[in-house]
Amino acid sequence: MASVQWVENEFEKHRNLDNALHMAKYMRNQFDFYGIKTPERRSIYKDIIREAKKAESIDWQLLNECWNNDYREFQYFVCDYLKALQKFLVFDDIDEIRPFIETKQWWDTIDSLDTVIGNINDSRVNDLMLKWSVSDDIWFRRIAINHQRGRKDKTDTVLLEKILINNLNNNEFFINKSIGWALRDYSKTNTDWVKNFITKHKSGLSTLSIREASKYLK
């Protein structure tokens, strides 16, 4: 059952042209869509993911073939699959994930892959994120900035600060948005740290970053 053809056949059965037009427009018409909404889409391939969990094995061939499909729902499947099998990922698997970061780039998949990378339990990820935080590719930077989202009190603030400082005084919307998002997420855990960071680095933070970061600050 776990084949690109099977997934494609199921997606075709659930195609919705009206939804597809709206979804494509929302993504600036960069991708084709079947028009399948998230709950329905995930229901279609839930058994594939369940079987992969039982096998405790990641089918990289399946993921690569799906990623190369023109329809965006296939890339969403890859992201959902990797999230579901997070505990089986190891540092060397990042080489397998890199093509998913380098191609078909947009915020929707990048913002799924960031914590997939960040939740790989290996100290080498820290050094890699520092390296990515100064990448020429803004999407690698965005992953580095947001890879600790959701860690709460387990956030490595030394690492977070280094990565954020590497991206100050930036004119790129998607970088500044991600800075604000990272700070906003951590502000729910440590308001004082975020306030101090904003005060200390205000001159290098964009208005957008500060606005996003301040959402939960009093």
Side-chain angles (χ1 to χ4, degrees), residues 25-31 75-76 79 82-83 86 89 91 93-95 97-218:
K25 185 177 180 181
Y26 183 64
M27 291 297 166
R28 300 185 184 179
N29 294 308
Q30 296 181 92
F31 311 104
Q75 285 89 63
Y76 295 157
C79 293
L82 289 173
K83 282 184 175 181
Q86 177 76 64
L89 291 171
F91 184 78
D93 287 329
I94 295 175
D95 287 337
I97 298 171
R98 279 189 69 109
F100 307 151
I101 302 170
E102 294 169 330
T103 60
K104 303 180 187 292
Q105 295 173 311
W106 201 236
W107 62 263
D108 52 346
T109 52
I110 294 298
D111 292 350
S112 291
L113 295 172
D114 54 7
T115 52
V116 167
I117 298 288
N119 288 329
I120 293 175
N121 188 20
D122 191 302
S123 60
R124 290 175 290 179
V125 172
N126 291 357
D127 290 336
L128 183 63
M129 292 301 97
L130 275 175
K131 181 179 179 181
W132 285 11
S133 73
V134 293
S135 172
D136 291 335
D137 188 323
I138 66 165
W139 300 112
F140 279 88
R141 286 184 179 241
R142 186 168 168 110
I143 284 179
I145 292 166
N146 281 319
H147 81 278
Q148 294 195 76
R149 278 190 303 117
R151 286 192 190 177
K152 299 181 179 179
D153 58 355
K154 295 181 180 179
T155 299
D156 183 337
T157 54
V158 174
L159 177 63
L160 177 61
E161 184 167 19
K162 287 178 181 178
I163 288 173
L164 294 180
I165 288 173
N166 284 345
N167 287 278
L168 296 177
N169 300 298
N170 203 298
N171 294 320
E172 171 56 53
F173 170 85
F174 288 107
I175 296 300
N176 290 328
K177 184 84 169 179
S178 62
I179 290 172
W181 194 8
L183 289 170
R184 182 180 68 192
D185 181 71
Y186 189 54
S187 74
K188 294 181 240 180
T189 299
N190 192 332
T191 300
D192 289 341
W193 190 94
V194 173
K195 284 182 177 179
N196 290 336
F197 183 90
I198 292 173
T199 300
K200 185 177 180 180
H201 301 287
K202 191 171 184 178
S203 63
L205 288 166
S206 70
T207 302
L208 172 61
S209 295
I210 294 173
R211 184 172 67 246
E212 289 289 326
S214 303
K215 183 174 181 179
Y216 302 119
L217 301 181
K218 294 181 180 179

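Numbers here are sequence positions counted from 1.
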Whether [X] side chain and [Y] backbone form a donor-acceptor pair below 3.5 Å:
| X | Y | value |
| --- | --- | --- |
| Asn167 | Ile163 | yes |
| His201 | Ile198 | no |
| Asn196 | Asp192 | yes |
| Ser178 | Ile175 | yes |
| Thr103 | Phe100 | no |
| Asn119 | Gln86 | no |
| Gln30 | Met27 | yes |

Quick check: Phe174 with Trp139 (ring centres under 6.0 Å apart)?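 Between Trp139 and Phe174, the centre distance is under 6.0 Å.
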Is it true that [X] and [Y] have a side-chain N and a carboxylate O under 4.0 angstrom from each other?
| X | Y | answer |
| --- | --- | --- |
| Asp111 | Arg142 | yes |
| Lys200 | Glu161 | yes |
| Asp114 | Arg149 | yes |

Quick one: are [X] and [Y] in side-chain contact, heavy atoms under 4.5 Å?
| X | Y | result |
| --- | --- | --- |
| Ser133 | Lys162 | no |
| Phe140 | Ile110 | no |
| Thr115 | His147 | no |
| Trp181 | Asn146 | yes |
| Ile117 | Met129 | yes |
| Lys177 | Trp107 | no |
| Leu128 | Arg124 | no |

Which atom of Ala213 lies closest to which atom of Ser187, heavy atoms considered: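 The pair with the smallest heavy-atom distance is O-OG, 4.3 Å.
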Tell me the closest heavy-atom pair linking Phe91 and Ile120, and the distance in Å.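 Closest approach of Phe91 to Ile120, heavy atoms only: N-CG2, 3.7 Å.
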Apply side chain to side chain contact (heavy atoms under 4.5 Å, CB included) to the pair Asn170 and Ile179, showing each step before the final yes or no. CA-CA 10 Å; Asn170 203 298; Ile179 290 172; 5.5 Å; no
Check against side chain to side chain contact (heavy atoms under 4.5 Å, CB included), Thr189 and Thr155: CA-CA 9 Å; Thr189 299; Thr155 299; over 6 Å; no
Just to verify, what does Asp137 make a side chain to side chain donor-acceptor pair (under 3.5 Å) with, not counting sequence neighbours?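 Side chain to side chain donor-acceptor pair (under 3.5 Å) list for Asp137, sorted by chain: Gln105.
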No-hydrogen, no-angle side-chain donor-acceptor test under 3.5 Å, Ser206 and Ser209: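 Yes - a donor-acceptor pair under 3.5 Å links their side chains.
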To the nearest 0.5 angstrom, please state how far the [atom1] atom of [X] sits from the [atom2] atom of [Y].
| X | Y | atom1 | atom2 | value |
| --- | --- | --- | --- | --- |
| Ser135 | Ile143 | OG | CD1 | 9.5 Å |
| Ile97 | Leu113 | CD1 | CG | 7.0 Å |
| Lys195 | Asn190 | NZ | CG | 10.5 Å |
| Gln148 | Thr157 | CD | OG1 | 8.5 Å |

Cation-pi, Trp132 ring and Arg141 (6.0 angstrom, 45 degrees):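 No; the conditions do not both hold, so Arg141 does not lie above the ring face of Trp132.
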Would you check, one step at a time, whether the test side chain to side chain contact (heavy atoms under 4.5 Å, CB included) holds for Phe197 with Leu160? CA-CA 11 Å; Phe197 183 90; Leu160 177 61; over 6 Å; no
Go through it in stages, so that I can follow the logic: the residues are Asn176 and Glu172, the test is side chain to side chain contact (heavy atoms under 4.5 Å, CB included), and I'd like the CA-CA distance, side-chain angles, deciding distance and then a yes or no. CA-CA 6 Å; Asn176 290 328; Glu172 171 56 53; 5.7 Å; no
